[in-house]
Amino acid sequence: MLTIAPKGTKDMLPKDAYKWHFIENRFADICQRYGFKEIRTPVFEHTELFVRGVGDTTDIVQKEMYTWEQAKRSLTLRPEGTSPVVRAIGENKIYADPQPTKLYYNISCFRYEKPQSGRLRQFHQFGVETFGSHNMISDAEVIALADDFFKELGIKDIELHINSIGCPECREKHRAALRDFLQPNLEKFCETCKDRFDRNPLRMLDCKSPACQELVTGAPVMLDYLCDDCKRDFEMLQSNLTAMGVEYVVDPGIVRGLDYYNGTAFEFVTNTIGAQGTVCGGGRYDNLSESIGGPAIPGVGFGLGKERLLLVMEAAGIEIPNEESADILVAFMGDVAKNEALKLVRELRRRGLNAEIDALGRNLKGQFKYADRLNVKNTIVIGENELNEGKVAIKKMASSEQVTINYNIDEIISEIK
RNA sequence: GUGGGUGUAGUCAAGUGGUUAAGACAACGGGUUGUGGCUCCGUCACGCGUGGGUUCGAAUCCCAUCACCCACCCCA
């Protein structure tokens, strides 16, 4: 019990850490080019933030939050990244800066769910948010950032799906029409769809059951119910995406599971990593700030799952460059040479080299073997002979070529380089 | 929460009631006192996820339990 991590959590080991470093650096880099600045918010927030932000009828709030009481306050590990950021910009009055405010983050989130491929209880995501703009340029910019990010990583098996879920007004009209359409046949639907009827009838449109698919054909489509403003926005979004060269497909099935969304909704999906194929999902949330008691600030953004991203890259066979192996291993023989070796390793490290020394007391042959296993580039030998003669041998491991030079730090360094 | 699958050393694995639980890779040591990748030798599960039960005898059969994986739901 004490020797296993809690269900749904994973240790990040050195054999994987370099992959995380890689995608994190690439993400920070593209955000920099798109003008997004990093924000870091606390891992936990007041529970109420998520209840009101994400929505108290959502699965996340109803059954997936890690919540506890402390000092008579209810606190919750963040299940998503947007609400905390919205809270932070309101609290810190960032809306007084030149608008729009463009932020990105790199966080872990927590949801109590049953783990499966591409789903963990502690998972990690990148996110970006743009605040203060109603303009569809912002939506297109956010989407283009994600699109470029995938392309720069060499990912091809991923498709952008976009939709508009309308404003509260047109969405309500559509829901009413949808319910009228579905009601007569409600008994014929699967059990999950019957549940969805009240909570989120839109979900019934992309049920996996063939029987439900049948019953759903010809149902009213959201896009036909958009009010003039929403319709104009959605057309503008598409026009902007096209202008930027972003390929997309309109998918009326895109439904966001968090209550705060309106208008633009999008997902980057793949079928290469199992059932959880949404690698990146987001949209517009113009009413979120107000609904948590903040100022009226429109926003648009996305969350991008890092675990899923890595799964996609792995499935596509995309190689991530591993960290460089050591430049040199200092092998030694005998106690006098040991002291000399310790001094040398430290000096080499201070001079910026990745230098290694055997800490297990192996014999010379063992030290060479160790150097080989670590894929060290050079091995230098220090023994009585070297100390007496003031010369050292450096062996280039790849070619087995060995040179003898003066025992002098500058000569050693220039020989290695 | 519901369903399916899997659990033998660090990893991959043989073994399906009967002597001391194959093998491979890895790791570590060594092949006569100073040089790796090849090769050779050695070490490495009183133990088969855990706990019960059946049996003269169980990794192998039964029950329970735990863990991991996958899928539903939902989402990143």
Side-chain angles (χ1 to χ4, degrees), chain A residues 1 3-10 13 15 54 57-64 78-82 105-127 146 190-193 195-196 199-200 203 206-209 254-258 261 266-270 273-282 301-312 329 331-334 337 358 360-386 392-402:
Chain A
M1 189 57 170
T3 57
I4 45 176
K7 185 194 282 280
T9 66
K10 281 242 190 312
L13 303 172
K15 72 180 174 60
V54 175
T57 63
T58 59
D59 278 7
I60 293 176
V61 169
Q62 284 191 339
K63 49 190 191 192
E64 296 175 359
R78 65 176 164 225
E80 59 99 33
T82 301
Y105 51 81
N106 177 4
I107 60 174
S108 44
C109 294
F110 307 84
R111 292 184 200 172
Y112 183 76
E113 293 190 275
K114 192 130 175 211
Q116 68 186 78
S117 181
R119 170 191 284 163
L120 293 167
R121 289 182 175 176
Q122 179 181 191
F123 62 100
H124 300 78
Q125 60 177 222
F126 297 128
C190 70
E191 287 310 309
T192 37
C193 275
D195 283 346
R196 292 194 262 230
R199 270 210 305 145
N200 199 346
R203 285 273 178 221
D206 55 355
C207 180
K208 287 177 177 108
S209 148
I254 298 293
V255 183
R256 305 275 71 213
L258 289 69
Y261 285 109
F266 64 91
E267 288 182 4
F268 286 84
V269 296
T270 179
I273 59 170
Q276 307 304 317
T278 301
V279 180
C280 173
F302 67 71
L304 195 161
K306 287 160 70 175
E307 284 87 355
R308 290 182 188 178
L309 174 65
L310 287 167
L311 286 174
V312 173
L329 178 127
F332 62 92
M333 305 187 65
D358 167 50
L360 294 194
R362 294 174 170 95
N363 60 23
L364 189 64
K365 179 173 182 165
Q367 295 181 61
F368 268 90
K369 207 163 193 169
Y370 180 52
D372 186 54
R373 300 232 169 107
L374 291 185
N375 204 21
V376 171
K377 300 186 190 82
N378 302 278
T379 301
I380 185 169
V381 180
I382 298 180
E384 277 179 44
N385 299 346
E386 285 75 14
V392 283
I394 296 180
K395 185 171 187 176
K396 297 209 179 305
M397 299 302 279
S399 62
S400 289
E401 175 192 342
Q402 186 161 311

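Chain letters run A, B, ... following the sequence lines, proteins first, then strands; residues in each count from 1.
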note: A/R121, atom CZ; B/G1, atom C1'; distance rounded to Å ~ 11 Å
Could you measure between the two P atoms, the one in B/U20 and the one in B/C38, and give it in whole Å?
37 Å
Taking only the C1' atom of each, what is the distance from B/G23 to B/G15 in whole angstrom?
11 Å
Taking the same atom, P, in B/C48 and in B/C61, what whole-Å distance lies between them?
15 Å
Give A/K114 one of three labels, base, sugar-phosphate or nothing, depending on what nucleic acid heavy atoms sit under 4.0 Å from its own.
base
With a 3.5 Å cut-off and no angle check, do the side chains of A/Q122 and A/T9 form a donor-acceptor pair?
no
Does A/Q402, at its CD atom, have more than 12 non-hydrogen atoms belonging to other residues, nucleotides or ligands within less than 6.0 Å?
yes
Mind checking A/A275 for me? I need base, sugar-phosphate or nothing, with any heavy atom below 4.0 Å counting as a touch.
sugar-phosphate
Measure the distance from CD1 on A/I107 to P on B/A76 and round it to the nearest whole Å.
11 Å
Mind checking whether A/M333 and A/I382 have side chains closer than 4.5 Å, heavy atoms only?
no
Measure from CG on A/L120 to P on B/A71 and round the result to the nearest Å.
12 Å
Under a 4.5 Å cut-off applied to non-hydrogen side-chain atoms, are A/F268 and A/V312 in contact?
no
Could you give the distance separating B/U6 and B/A76 at their P atoms, to the nearest angstrom?
33 Å
A/L311 atom CG is separated from B/C69 atom P, nearest whole Å, by 12 Å
So A/R111, base contact, sugar-phosphate only, or nothing? Heavy-atom distance under 4.0 Å.
base
Hey, is A/E401 close enough to A/K395 for a salt bridge, meaning N to O under 4.0 Å?
no
Could you check how far CZ of A/R362 sits from C1' of B/C28, rounded to whole Å?
8 Å
If you measure from the C1' atom in B/G53 to the same atom in B/A58, how many Å do you get, rounded?
12 Å
Tell me if the side-chain of A/R119 makes a donor-acceptor pair with the base of B/C73, cut-off 3.5 Å, by modelled atom types.
yes
Secondary structure string for RNA chain B (Watson-Crick or G-U under 3.5 angstrom, | for other-strand pairs):
((((((((.[[[..)..(....]]].((((.........)))).....[[[[[..)....]]]]])))))))....
For A/K7 and A/C280, take the nucleotide of RNA chain B holding the closest heavy atom to each; which residue's nucleotide lies nearer the 5' end?
A/K7
Atom C1', compared across B/C56 and B/C66: separation rounded to whole Å:
32 Å
Nucleotide nearest A/Y261 (side chain, heavy atoms from C-beta), chosen from B/C73, B/C68, B/A76
B/A76
Could you tell me how far B/A14 sits from B/C25 if I compare only their C1' atoms? Round to whole Å.
15 Å
Quick check on RNA chain B: between A/R196 and A/P115, whose nearest nucleotide comes earlier from the 5' end?
A/P115
The contact string for nucleotides 33-39 of chain B, one letter per nucleotide 5' to 3', using protein heavy atoms under 4.0 Å with B, S and - for base, sugar-phosphate only and none, comes out as -BBBB--
Give a yes or no on whether the backbone of A/Q367 and the side-chain of A/R362 come within a donor-acceptor separation of less than 3.5 Å.
no
Provide, to the nearest angstrom, the distance between the CD atom belonging to A/E307 and the P atom belonging to B/C70.
13 Å
B/A59 and B/G17: how far apart are their P atoms, nearest whole angstrom?
13 Å
Would you find a donor on one side and an acceptor on the other, under 3.5 Å apart, between the side chain of A/R121 and the backbone of A/F110?
no
What's A/E113 touching, base or sugar-phosphate or nothing? Going by heavy atoms closer than 4.0 Å.
base
Within the side chain of A/E80, is there an N or O that forms a donor-acceptor pair under 3.5 Å with the backbone of A/T82?
yes
Note, A/L364 side chain near A/V381 side chain (heavy atom, < 4.5 Å):
yes
To the nearest angstrom, the CD-P distance between A/Q116 and B/C74 comes to 12 Å
What's the separation between atom CD in A/Q125 and atom SG in A/C109, rounded to the nearest 0.5 Å?
4.0 Å
Under the 3.5 Å rule, do the base of B/C74 and the side chain of A/E64 count as making a donor-acceptor pair?
no
Between the base of B/A71 and the side chain of A/Q276, is there any donor-acceptor pair under 3.5 Å?
no
Would you find a donor on one side and an acceptor on the other, under 3.5 Å apart, between the side chain of A/E307 and the backbone of A/H124?
yes
Which part of the nucleic acid, if any, lies within reach of A/G118 when heavy atoms closer than 4.0 Å are counted: base, sugar-phosphate only, or nothing?
base
In whole Å, what is the span from the CD atom of A/Q62 to the P atom of B/G1?
16 Å
